[in-house]
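The structure appears below as structure tokens.
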Number of protein chains: 4
Amino acid sequence: MPTVTWSRLGGERRAAVVAAAEAEFAAHGFSAGSLNVIARRAGVAKGSLFQYFADKRDLYAYITDVGSQRVRFYMEARIRELDPTRPFFDFLTDLLDVWVAYFAEHPRDRALHAAASFEVDTDARVSVRAVVHRHYLEVLRPLVDDARSRGDLRGDADVDALLSLLLMLLPHLALAPYVRGMDPVLGLDDLSSEQPALVVRRYVAVLSAAFGCVCASLPAITTIEGEKHEQDTF
Amino acid sequence: MPTVTWSRLGGERRAAVVAAAEAEFAAHGFSAGSLNVIARRAGVAKGSLFQYFADKRDLYAYITDVGSQRVRFYMEARIRELDPTRPFFDFLTDLLDVWVAYFAEHPRDRALHAAASFEVDTDARVSVRAVVHRHYLEVLRPLVDDARSRGDLRGDADVDALLSLLLMLLPHLALAPYVRGMDPVLGLDDLSSEQPALVVRRYVAVLSAAFGCVCASLPAITTIEGEKHEQDTF
Amino acid sequence: MPTVTWSRLGGERRAAVVAAAEAEFAAHGFSAGSLNVIARRAGVAKGSLFQYFADKRDLYAYITDVGSQRVRFYMEARIRELDPTRPFFDFLTDLLDVWVAYFAEHPRDRALHAAASFEVDTDARVSVRAVVHRHYLEVLRPLVDDARSRGDLRGDADVDALLSLLLMLLPHLALAPYVRGMDPVLGLDDLSSEQPALVVRRYVAVLSAAFGCVCASLPAITTIEGEKHEQDTF
Amino acid sequence: MPTVTWSRLGGERRAAVVAAAEAEFAAHGFSAGSLNVIARRAGVAKGSLFQYFADKRDLYAYITDVGSQRVRFYMEARIRELDPTRPFFDFLTDLLDVWVAYFAEHPRDRALHAAASFEVDTDARVSVRAVVHRHYLEVLRPLVDDARSRGDLRGDADVDALLSLLLMLLPHLALAPYVRGMDPVLGLDDLSSEQPALVVRRYVAVLSAAFGCVCASLPAITTIEGEKHEQDTF
DNA sequence: TATGAATGAGGTTTCATTCAT
DNA sequence: TATGAATGAAACCTCATTCAT
């Protein structure tokens with residue numbers, strides 16, 4: 001937790017430290033990120049960092065938290081716009097599109113997310129992922145619960161299994177297009193050949209088949225390729 | 001890639017190097033693993049390591065490959081015993097049980113797998129995961145293809161999406177019971193409350209619902225809990 | 001020397017600073033003692049310490065002085081009770097017993113004494129020991145002078161040599177039982193095998209033989225061990 | 001203990017490291033001595049020091065050992081020249097003169113001795129003093145034992161108390177002339193006013209009176225000052 | 001082919017002190 | 001008078017890699 005000194009700090013200095021730390025941890029992760037570099041880039045003395053944060057891990061946790069909240073606030077705003085009361089898998093499709101687009105446009109957040117996912121230091125990774133997972137679930141669970149109460153999910157749908165899969169799919173969709181080798185099957189990391197949007201629809205189709213109400217129909221994947229008016233008929 | 005010197009090396013010396021390197025990388029991962037330690041424990045000169053491998057990354061890739069092959073050979077043997085011609089999702093359930101049990105009993109392989117998954121160094125992680133994914137797919141794709149040709153999968157099943165999900169689920173099932181925070185939903189890391197076996201069945205139920213032939217029924221999870229018999233009626 | 005600000009300070013604040021500084025310097029000595037820690041534990045601002053004392057060394061000297069005076073006042077009170085007009089070496093024996101017991105029961109003063117003795121920083125050590133030595137001598141010299149004027153010491157006794165030896169023996173007796181390796185001969189640091197009381201008597205016997213009046217006899221060490229009665233015949 | 005690498009090292013490089021380390025530890029002691037400085041002055045890479053010694057403490061212990069042995073070898077040679085079979089306290093007087101002169105002429109050894117005596121780090125101090133004390137005793141005990149068997153000491157002399165006092169007097173005589181405040185009574189540190197030689201004689205007179213055979217007379221201190229001839233009559 | 005000595009940059013953290021408020 | 005933010009030097013130690021033998 002940041003010190004009181006940090007909370008009393010002027011906005012400019014704070015912004016400089018946050019920016020430098022985000023850049024460094026995004027580039028090299030926690031273990032390999034260097035406080036020397038952060039201090040130098042922020043234009044503050046090395047010792048000052050320790051007036052603001054208990055230690056390296058404390059700074060890292062703070063940076064991760066700030067980043068997670070930024071993503072969450074953004075997503076929550078977009079969720080409201082997307083109208084979460086629509087048929088769930090339609091909504092989910094749009095949501096994942098937004099998600100993919102966000103990380104496409106925010107390389108810094110993408111890198112922070114990756115750094116948190118791949119951290120070697122067990123304690124650092126665990127505490128950071130706990131934060132991230134909490135954010136994920138606080139947003140997703142209400143959406144899923146509402147969907148089930150609306151009847152968009154099967155009555156016997158294993159909601160926790162759905163959430164568990166989403167917890168894997170979300171980081172995957174965010175990172176795979178930029179991390180070679182993460183997805184050797186669907187080709188997410190081969191940007192030229194296939195659109196992430198298509199992969200989103202393939203995953204949603206799977207989830208819909210697994211959890212959706214039998215009567216509910218899913219927008220056909222063809223809707224992307226240009227001919228799809230028969231879509232809502234099957 | 002190991003040098004020719006390595007290939008000409010006596011078996012004993014080779015085994016010593018491999019054992020020391022596996023232990024070190026399993027314990028500390030690639031970035032934090034120390035060649036000094038490996039050389040000392042293997043009883044060879046530090047310089048010798050550089051006669052056998054181009055650099056640290058080369059050694060790491062080799063060690064990962066060796067480990068992956070060990071796991072793969074084991075799994076292939078068990079797959080033959082499990083009779084892959086049975087109904088696919090029955091077979092898959094047993095396969096995942098074996099998988100979970102293997103990593104429960106082989107902490108070194110589990111640690112190597114985790115080290116590869118969490119490596120910060122991008123290049124190291126990418127090259128290692130490429131190897132691991134290749135092994136996964138070379139085993140899984142024939143099984144899945146056979147299942148489809150046998151009619152165990154729906155005709156329009158998105159086989160690649162299934163493989164993609166399996167590529168996420170396999171490491172998850174192997175590591176989550178031992179890595180705090182990986183699974184905050186299904187409780188895989190809370191060994192006392194829920195059996196990995198049950199989680200396996202929940203995941204397979206999802207996959208079966210998504211990809212299975214409509215007519216094919218899955219062994220109900222009720223076999224473990226005893227009450228949800230309506231599940232196999234959908 | 002403390003500033004005038006210090007002298008005008010409220011008693012509570014002063015006590016807090018003294019207590020924190022004593023604890024810190026006792027635990028880590030001057031060089032390794034931390035003003036940060038002292039300020040934090042005393043509940044005052046770091047800057048305040050520099051309003052009360054010129055610098056770290058000044059604070060340290062003050063703390064040592066306070067501690068020395070505490071010990072000195074205690075010893076002076078006990079000296080009056082012990083009746084310094086008795087035969088000198090009888091009295092000295094009791095005095096040293098009291099001395100040893102005091103430090104046995106006051107670990108904080110013991111630690112401060114040790115810290116002063118083992119300080120690496122030459123200037124700090126010199127100034128601190130000057131204070132301590134002054135206290136020692138102001139107490140001891142009158143006692144020794146009285147003893148000589150009473151005829152308890154030989155007429156030609158080298159009083160200064162006696163004081164010089166006492167200045168070595170007193171810290172030794174105070175610390176050796178708690179500092180491994182200080183006394184590899186008489187076994188003061190091996191509490192189980194020999195009592196400090198016996199060591200006191202052996203040292204006093206030496207001093208008595210060296211400085212005592214020939215006619216004056218010393219209580220034989222046999223009072224503790226019970227057999228060497230021929231000792232008092234020399 | 002130095003590594004094998006150290007033992008295989010060329011003489012020139014070894015000498016440079018030893019010289020630099022002796023100078024640094026002599027000047028600042030163990031805790032405050034800097035490996036950075038040592039490496040720079042020795043003209044070797046910082047990392048090289050860690051190829052020769054396990055850590056800072058290891059290097060310090062080695063340096064202290066080397067220094068102690070140097071002093072011991074010198075003293076043993078001089079002891080043979082001084083004829084230890086002479087009357088003990090005559091011999092002891094000469095021995096202490098030599099001792100004082102040695103440290104007067106060898107400021108480096110003096111500083112190392114001081115550094116070892118005043119080290120704050122308990123473990124470092126303990127281990128170093130154990131070495132020094134061992135050297136002291138291995139030299140002194142045979143001398144004292146011989147003296148007693150020759151009849152130079154009283155039959156009932158407390159030999160261990162004598163050794164214990166010598167263990168205090170020897171460092172005192174070596175260092176006090178150069179460390180302000182160590183001796184506020186006999187004025188050892190006030191070089192202009194009184195000769196260390198006289199102090200030696202005053203201490204020896206005390207020891208002789210305490211431990212010497214009654215019949216044995218000591219060379220009167222008058223030999224230096226010229227008037228106290230009544231001293232040898234007690 | 002094997003060795004292992006040498007390198008020196010880089011890591012995090014603590015510290016006493018200053019000074020503007 | 002009290003505060004506490006800022007400083008930046010210095011600390012020990014580890015590391016992968018090179019190269020002469």
Side-chain angles (χ1 to χ4, degrees), chain A residues 3-6 8-10 13 28 31-40 43-57 59, chain B residues 3-6 8-10 13 31-40 43-59, chain C residues 3-6 8-10 13 31-40 43-59, chain D residues 3-6 8-10 13 28 31-40 43-57 59:
Chain A
T3 63
V4 291
T5 306
W6 173 257
R8 286 195 282 256
L9 206 58
R13 199 176 174 88
H28 304 292
S31 297
S34 161
L35 294 185
N36 278 7
V37 173
I38 292 172
R40 194 186 326 131
V44 305
K46 237 182 304 188
S48 293
L49 295 181
F50 291 86
Q51 297 242 4
Y52 306 148
F53 302 93
D55 53 16
K56 190 187 185 182
R57 178 128 49 209
L59 170 57
Chain B
T3 63
V4 292
T5 310
W6 172 257
R8 285 200 278 260
L9 209 57
R13 195 175 179 88
S31 296
S34 162
L35 293 186
N36 282 15
V37 172
I38 292 172
R40 193 186 326 132
V44 306
K46 249 180 296 189
S48 295
L49 295 181
F50 290 85
Q51 301 245 357
Y52 306 148
F53 302 92
D55 53 14
K56 190 186 183 183
R57 180 132 47 217
D58 192 26
L59 170 57
Chain C
T3 63
V4 292
T5 308
W6 172 257
R8 286 200 277 262
L9 209 58
R13 197 176 175 86
S31 297
S34 162
L35 293 187
N36 282 17
V37 172
I38 291 172
R40 194 188 323 133
V44 305
K46 250 181 296 188
S48 296
L49 295 182
F50 290 86
Q51 301 241 358
Y52 306 148
F53 301 93
D55 55 12
K56 189 187 184 184
R57 179 134 46 217
D58 192 26
L59 170 56
Chain D
T3 63
V4 291
T5 307
W6 173 257
R8 284 196 282 256
L9 206 58
R13 198 176 175 88
H28 303 292
S31 298
S34 161
L35 294 185
N36 280 9
V37 172
I38 292 172
R40 194 186 325 130
V44 305
K46 233 182 310 187
S48 293
L49 294 182
F50 293 88
Q51 297 243 1
Y52 306 149
F53 301 93
D55 53 16
K56 190 187 184 183
R57 178 128 48 211
L59 170 55

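Residue numbering restarts at 1 for every chain, and letters A, B, ... go by the order of the sequence lines.
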Between atom CZ in D:Arg40 and atom P in F:dC12, what is the gap in whole Å?
-> 11 Å
Can you tell me if the side-chain N/O atoms of C:Lys46 get under 4.0 Å from OP1 or OP2 in F:dG4?
-> no
When A:Ala32 and A:Gln51 are each assigned the nearest nucleotide of DNA chain E, the 5'-most assignment goes to A:Ala32
Residue whose closest nucleotide on DNA chain F lies nearer the 5' end, B:Val37 versus D:Gly33 | D:Gly33
Across every strand shown, the nucleotide meeting Watson-Crick or G-U wobble geometry with F:dC19 (both distances under 3.5 Å) is E:dG4
Indicate, with a heavy-atom threshold strictly under 4.0 Å, whether C:Phe53 touches base, sugar-phosphate, or nothing.
-> nothing
In whole angstroms, how far is the P atom of E:dT12 from the CD1 atom of A:Ile38?
-> 8 Å
Which part of the nucleic acid does A:Gly10 contact within heavy-atom distance under 4.0 Å: base, sugar-phosphate only, or nothing?
-> nothing
At under 4.0 Å between heavy atoms, what does C:Leu49 touch on the DNA or RNA strands: base, sugar-phosphate, or nothing?
-> nothing
Would you please confirm or rule out a distance under 4.0 Å between OP1 or OP2 of F:dT7 and any side-chain N or O of A:Arg13?
-> yes
In whole angstrom, give the distance that lies between atom OH of C:Tyr52 and atom C1' of F:dT3.
-> 10 Å
Position toward the 5' end of DNA chain F (nearest nucleotide), B:Leu35 or C:Gly47 | C:Gly47
Can a side chain N or O of D:Asn36 be found less than 4.0 Å away from OP1 or OP2 on F:dA11?
-> yes
Check the distance between F:dC19's C1' and B:Phe50's CZ and give it to me in whole angstrom.
-> 12 Å
